[in-house]
Asks: 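Starting off with a structure, shown below.
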Amino acid sequence: MLVHRTPEGEAAGRIVEAEAYRGPLDLAAHSSRGLTPRTAAMFGPPGYAYVYLLYGISWALNLVVADEGEPHAVLIRAIEPIRGIKLMARRRNKSADSRDLTNGPGKLTQALGITGADYGRDLCGLRLYLEESDRVPGRIGRSARVNVDYAGDWAKRPWRFYERGNRYVSVRPRE
DNA sequence: ACGAAGATCGACT
DNA sequence: GTCGATCTTCGTA
């Protein structure tokens, strides 16, 4: 579960889709282009948020996961709304039962109220953190990552993971 | 200072 | 399925 608490209230969802980015070797990872102001958080210690603006439109959330100096991160691509669903629906201007609420990296950040202000956020703090879900997970599928064709052979690596059959998974797998 | 390229979304057909 | 929106980041000069 991914949980975000703001003055507006709490919103939380089960992570049902994620992708691994293994810089600096992985050419699909932003960190493959080196340490810049934008990618600095990825080069830092694990347990912090790497947030970036996508296409000038949407925010995307990554969890920094490897030791300091190892710029690896996990992109959260979809969640299944569990708590604060009405708040998410209001933020998204969608109905509470719409799968459009959180079925994409830019949609779930909007639903949870995550923006660039959360860059570098401590994931073990009180505001943005992970929590054990009490639900039994379904079967996990894997596939190539989405929209990283520019990365050559790295684009083919099956480093996208999702819960099979979950309606909040963003893109239907090709296989 | 300029320009190109996005780890996407939403509207539309 | 296609297509335009929108703006930060970073390489280059």
Asks: Stacking between B:dA7 and A:Tyr21, yes or no? Criterion: centroid separation under 5.5 angstrom, plane angle under 30 degrees.
Replies: yes
Asks: Rounded to whole angstroms, how far apart are CD on A:Glu17 and P on B:dT8?
Replies: 10 Å
Asks: Identify the nucleotide, in any strand shown, that forms a Watson-Crick or G-U wobble pair with B:dA7, with both distances under 3.5 Å; if there is none, say none.
Replies: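 By the stated definition (distances under 3.5 Å), nothing pairs with B:dA7.
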Asks: Hey, does A:Leu54 reach any base, or is it just sugar-phosphate, or nothing, if we go heavy atoms under 4.0 Å?
Replies: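 Touches sugar-phosphate only.
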Asks: Without decimals, in angstroms, what is the distance between A:Leu35 CG and C:dG11 P?
Replies: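 In whole Å, C:dG11 P and A:Leu35 CG are 12 Å from each other.
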Asks: In whole Å, I'd like the distance from the NE2 atom of A:His30 to the C1' atom of C:dT9.
Replies: 10 Å
Asks: Between C1' on C:dT9 and CE on A:Met42, what's the gap in Å once rounded to a whole number?
Replies: 13 Å
Asks: Look at all strands and tell whether A:Leu53 reaches a base, only sugar-phosphate, or nothing, counting heavy atoms closer than 4.0 Å.
Replies: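 Sugar-phosphate, no base atom in range.
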Asks: Looking at every strand, decide which applies to A:Arg38 at a 4.0 Å heavy-atom threshold: base, sugar-phosphate, or nothing.
Replies: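 Sugar-phosphate, backbone atoms only, no base.
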Asks: Could you state whether A:Ile82 and A:Leu130 fall into the same hydrophobic cluster, counting links through intermediate Ile, Leu, Val, Met, Phe, Trp or Tyr residues with side-chain heavy atoms under 4.5 angstrom apart?
Replies: no
Asks: Is there a donor on the side chain of A:Tyr150 or the base of B:dA5 sitting less than 3.5 Å from an acceptor on the other?
Replies: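 No such pair is found, so the answer is no.
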Asks: Nearest-Å distance, CG (A:Leu108) to P (B:dA7)?
Replies: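 After rounding, the reported distance stands at 17 Å.
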Asks: Between B:dG10, B:dA7, C:dT6, which nucleotide has the shortest distance from any of its atoms to the side chain of A:Lys107?
Replies: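 Among B:dG10, B:dA7, C:dT6, the one nearest the side chain of A:Lys107 is B:dG10.
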Asks: Which distance, rounded to the nearest 0.5 Å, do you find between the OH of A:Tyr50 and the CG of A:Asn62?
Replies: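 Interatomic distance, A:Tyr50 OH to A:Asn62 CG, rounded to 0.5 Å: 6.5 Å.
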Asks: Nearest whole angstrom, please: distance from the C1' of B:dA7 to the CD1 of A:Ile114.
Replies: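 A:Ile114 atom CD1 is separated from B:dA7 atom C1' by 16 Å.
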Asks: Go nucleotide by nucleotide along DNA chain B from the 5' end; which of A:Lys94 and A:Tyr52 gets its closest nucleotide reached first?
Replies: A:Tyr52
Asks: Looking only at side-chain N and O atoms, does A:Arg33 come under 4.0 Å of OP1 or OP2 in B:dA7?
Replies: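 No, A:Arg33 has no side-chain N/O under 4.0 Å of OP1/OP2 on B:dA7.
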Asks: Heavy-atom distance under 4.5 Å between the side chains of A:Phe161 and A:Ser143, does that happen here?
Replies: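 SC-SC contact between A:Phe161 and A:Ser143 ruled out.
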Asks: So, does A:Arg160 use its side chain to make a donor-acceptor pair with the main chain of A:Ala18 at under 3.5 Å?
Replies: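 Not confirmed, A:Arg160 side chain does not pair with A:Ala18 backbone.
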Asks: Round to a whole Å and report the spacing from CZ of A:Arg77 to C1' of B:dT8.
Replies: 9 Å
Asks: Between A:Arg145 and A:Asp26, is the closest basic N to carboxylate O distance under 4.0 Å?
Replies: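 Between A:Arg145 and A:Asp26 there is a salt bridge, with a charged N closer than 4.0 Å to a carboxylate O.
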Asks: Please determine if a side-chain N or O atom of A:Asn147 lies less than 4.0 Å away from the OP1 or OP2 oxygen of B:dG6.
Replies: no
Asks: Answer with base, sugar-phosphate or nothing: what part of the nucleic acid does A:Ala60 contact at a heavy-atom distance below 4.0 Å?
Replies: nothing
Asks: Rounded off to whole Å, could you give me the CG-to-P distance for the A:Leu27 and B:dA7 pair?
Replies: 12 Å
